[in-house]
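Data block below; observations after.
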Amino acid sequence: MDTKAIIASKPANNINAIFDFSSCNGTQNPSTLGHHLARRLVQIGITDVFTVPGDFNLSLLDGLIAEPELNLIGCCNELNAGYAADGYARSRGVSACVVTFTVGGLSVINAIAGAYSENLAVICIVGGPNSNDYGSNRILHHTIGLADFSQELRCFQTVTCHQAVVKDLEDAQLQIDEAIAVALKESKPVYICISCNLPDIPHPSFPQEPAPFFLTPKLTNQEGLEIAVEATAKYLNKAVKPVIVSGPLLRVAKACNSLIELADACGYAMAVMPSAKGLIPENHPNFIGTYWGVASTPFCAEVVESADAYLFAGAIFDELNTAGFSLHVKMQKAVIIQSQSVVIANGPRFGGIQMRDVLKALARRLEYNSTAYKNYSRMHVSEGLPSQCDPKENLKVSILFKNIQNMLSSNTAVIAETGDSWFNCQKLKLPQGCGYECQINYGSIGWSVGATLGYAQAASNKRLISCIGDGSFQMTAQDVSTMLRCGQRNIIFLLNNGGYTTEEQFHVGPYNVIKNWNYAALVDAIHNGEGKCWTTKVHCEEELVEAIKTVTEEKEECLCLIEVVLHMDDTSKELIQFACRLTARGRPQKP
């Protein structure tokens, strides 16, 4: 019988109940912890690991780099390594980063918190103290000066769904496999700390080729499914103008295709929440735009909020996804379908049923009703194009994004940095197959540089178009160098408006003005003649059009940065509406 590692569909109290190692007879030459971890990462679909070396993780990195199917990508700092793992997981479903103890762990932790907020399976691996130092009362370097080494662990406990401290080879295989399994099952980050003296020591529990690693599918309670679907269909079939609103948890539930099947069958008008943009095709005949409260795309909020029933699939009702809790919907008119539950009209809750199974079953039970979409079609007026610029007129944000729109195709993906890029990129109409990523709830500025690195590495078939503000870029600019080392051909639009324009809409102050950089020249300096890179600075539409022509034709295989000089007060109306909403809820604002 082949050795198999089978992950149970329900949590087990004993790890031996989850994994079956009965056929490990010890006849193979034993391998090492480092080799085992490397093979496990490859088995679950990871081919790139984002790293920053430190003396506690060097032996572990040796074990990983020896794996021919694994590519180690050295990042400029741990925060960017974590952001890169975030971006990678958005494309591949899982990712890994490796840092050193405490000074590395407490640096990467901000990115891991963001991944937790976004429901991403990031495996954060830390090289830890020598196993002999535990309990020795020694004060080690890279610590806070205490002999207690648990500070880093305690910090990670709040931003990961599982933690493993590996300081004993006897249990190392089980600890590593359990952590990886939990990350995949929960779609959340996990933390694995491995003592620095263990990775290169052979041990009988590590065969040369680890047991196959796979998850059994989560199963639906069929009786519960039938009851939930019958009640849901009965409720929605009574509605006059029902709508569908899709949320970001569709990705976690792997239910995007099931939702499209439902929309095809029932004819409901279909909107997305901002953090779900890109999960469903925007060329779908029932698509009506982004539902984002006061920042919704035109006519979308009117249709959703006038509906007499709404089906929310995978929704998250946090402050930023709701534009300061400005959604005017009533939960007693809503069907809320989450990864493993259904709630109807703020009343009965049905659990133990998978979202994709519910959506597929509803596709067979709901009556066709396109009333809401017909209402949208009647009221919808196509948005006008931005007014024509005068020759050499200073560039406007609206003109910039009009030109970015024309660059999109199935071979591109958009990365929208926190801030006004959220709102401008939400208005882009994505062609079939065009990717889209943003970090709505956590909103950590600077995220997009690392996320661009990671996503591009995971999806090499796409050319990334990243829209990044100058303030955000100053946080994490270093890892443009890593993009060059990896031969990436991303296009970065650097929006240079002289400061924290988003914060300025909330609260005017001199601290929102930052030191201006020559961003194009900075990236040229980082390039330093190694790799393929092209940069330029544009002030008007004529220069922008010429730059876009260059990056899409002559410099198609290069990493490109276009620095776009804009006025600090040139913002989207949605940002202003959003800021007014949040300040009205108690944010301090100067008169």
Side-chain angles (χ1 to χ4, degrees), residues 48 50-52 73-91 95 97 99 107-115 118 120 122 404 412-422 424-425 435-440 442-459 462-497 499-502 514 517-527 531 533-535 551 558-564:
D48 304 273
F50 303 94
T51 68
V52 177
I73 298 177
C75 297
C76 296
N77 58 57
E78 291 87 358
L79 178 60
N80 276 343
Y83 285 151
D86 174 307
Y88 194 94
R90 290 166 183 268
S91 177
S95 67
C97 59
V99 300
S107 178
V108 77
I109 197 169
N110 181 54
I112 300 303
E118 295 284 311
L120 299 171
V122 175
I404 291 176
T412 60
V414 176
I415 303 290
E417 175 59 86
T418 298
D420 202 23
S421 290
W422 277 350
N424 288 303
C425 289
Y436 183 93
E437 297 296 341
C438 60
Q439 192 193 58
I440 293 287
Y442 198 64
S444 183
I445 68 170
W447 159 86
S448 61
V449 176
T452 296
L453 166 65
Y455 192 102
Q457 199 63 25
K462 292 188 180 294
R463 194 173 193 192
L464 267 65
I465 299 172
S466 299
C467 300
I468 309 176
D470 50 353
S472 296
F473 191 75
Q474 289 193 9
M475 295 274 185
T476 51
Q478 308 97 307
D479 271 283
V480 169
S481 65
T482 310
M483 298 179 197
L484 280 166
R485 290 176 66 189
C486 294
Q488 295 182 359
R489 54 195 187 97
N490 312 318
I491 302 171
I492 297 173
F493 285 95
L494 193 289
L495 281 61
N496 182 356
N497 52 19
Y500 299 128
T501 295
T502 299
I514 61 176
W517 293 0
N518 187 336
Y519 297 95
L522 172 67
V523 173
D524 283 336
I526 292 172
H527 175 213
C533 181
W534 184 79
T535 69
V551 302
C558 295
L559 177 73
C560 299
L561 179 135
I562 301 175
E563 180 181 347
V564 184

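Quick note: numbers below take in every heavy atom, side chains included, and nothing from hydrogens, waters or symmetry partners. Predicted model only: the values in this text are computed from it and were never measured. We number each residue from 1, following the sequence as shown.
Summarising the geometry of Cys76 relative to Ser481, their closest heavy-atom pair is SG-OG, 3.3 Å, with the distance given to 0.1 Å. The two residues Asp86 and Gly114 have their closest heavy-atom pair at OD2-C, 4.3 Å. Scanning all heavy atoms of the two residues, the minimum distance from Ile440 to Glu118 falls at N-OE2, 3.6 Å. The two residues Gly469 and Leu494 make their nearest non-hydrogen contact at O-CD2, 4.2 Å. Summarising the geometry of Arg489 relative to Lys462, their closest heavy-atom pair is NH2-C, 4.5 Å, with the distance given to 0.1 Å. Contact record, Val122 with Ala89: CG2-CB, 4.3 Å, taken as the closest heavy-atom pair.
Met483 CE to His527 NE2: the interatomic distance, rounded to the nearest 0.5 Å, is 14.5 Å. Rounding to the nearest 0.5 angstrom, the gap separating the CD1 atom in Ile492 from the OH atom in Tyr519 is 13.0 Å. Rounded to the nearest 0.5 angstrom, Trp422 CH2 and Glu417 CD are separated by 9.0 Å. Going from atom CD1 of Ile468 over to atom OG1 of Thr418 covers 10.5 Å, rounded to the nearest 0.5 Å. We find the CD1-CZ distance between Ile526 and Arg485 to be 13.0 Å, quoted to the nearest 0.5 Å. Separating the CD1 atom in Ile415 from the CD1 atom in Ile465 is a distance of 10.5 Å, to the nearest 0.5 Å.
Looking at residues two or more places apart in sequence or on another chain, you find a side chain to side chain donor-acceptor pair (under 3.5 Å) between Asn110 and Tyr83, Tyr442, Ser444. Under the salt bridge (Lys or Arg N to Asp or Glu O under 4.0 Å) criterion, Glu437 pairs with Arg90, Arg251, not counting sequence neighbours.
Taking the six-membered ring for Trp, Tyr88 and Tyr455 have ring centres at least 6.0 Å apart.
At a threshold of 4.5 Å between non-hydrogen side-chain atoms, the residues Gln488 and Thr482 do not count as touching. In this structure, the side chains of Val99 and Phe50 stay at 4.5 Å or more apart for every pair of heavy atoms. Looking at heavy atoms from C-beta onward, Asn424 lies out of side-chain contact with Cys467 at the 4.5 angstrom threshold. Contact of the Thr535 side chain with the Cys560 side chain is not registered, since no non-hydrogen atoms from C-beta on lie closer than 4.5 Å. Looking at Phe473 and Val480, their side chains come closer than 4.5 Å, going by heavy atoms from C-beta outward. By the 4.5 Å heavy-atom criterion applied to side chains, Gln478 and Asn77 are counted as neighbours. Considering only heavy atoms from C-beta on, Asp470 stays 4.5 Å or farther from Leu495 through its side chain. At a threshold of 4.5 Å between non-hydrogen side-chain atoms, the residues Asn496 and Glu563 count as touching.
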ask   = Given the rule in the side-chain contact (heavy atoms from CB on, under 4.5 Å) test, do Thr51 and Cys75 qualify, once you have shown the distances and angles that lead to the verdict?
value = CA-CA 6 Å; Thr51 68; Cys75 297; over 6 Å; no
query = What's the verdict on side-chain contact (heavy atoms from CB on, under 4.5 Å) for Arg463 and Ile491, showing C-alpha distance, side-chain angles and the deciding distance?
reply = CA-CA 7 Å; Arg463 194 173 193 192; Ile491 302 171; 3.6 Å; yes
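Thr452 and Ser466 are linked by a side-chain donor-acceptor pair at a separation below 3.5 angstrom, with hydrogens and angles left out of the test.
Here the rule is side-chain contact (heavy atoms from CB on, under 4.5 Å) with Phe493, and of Ile404, Leu561, Val551 only Ile404 fits it.
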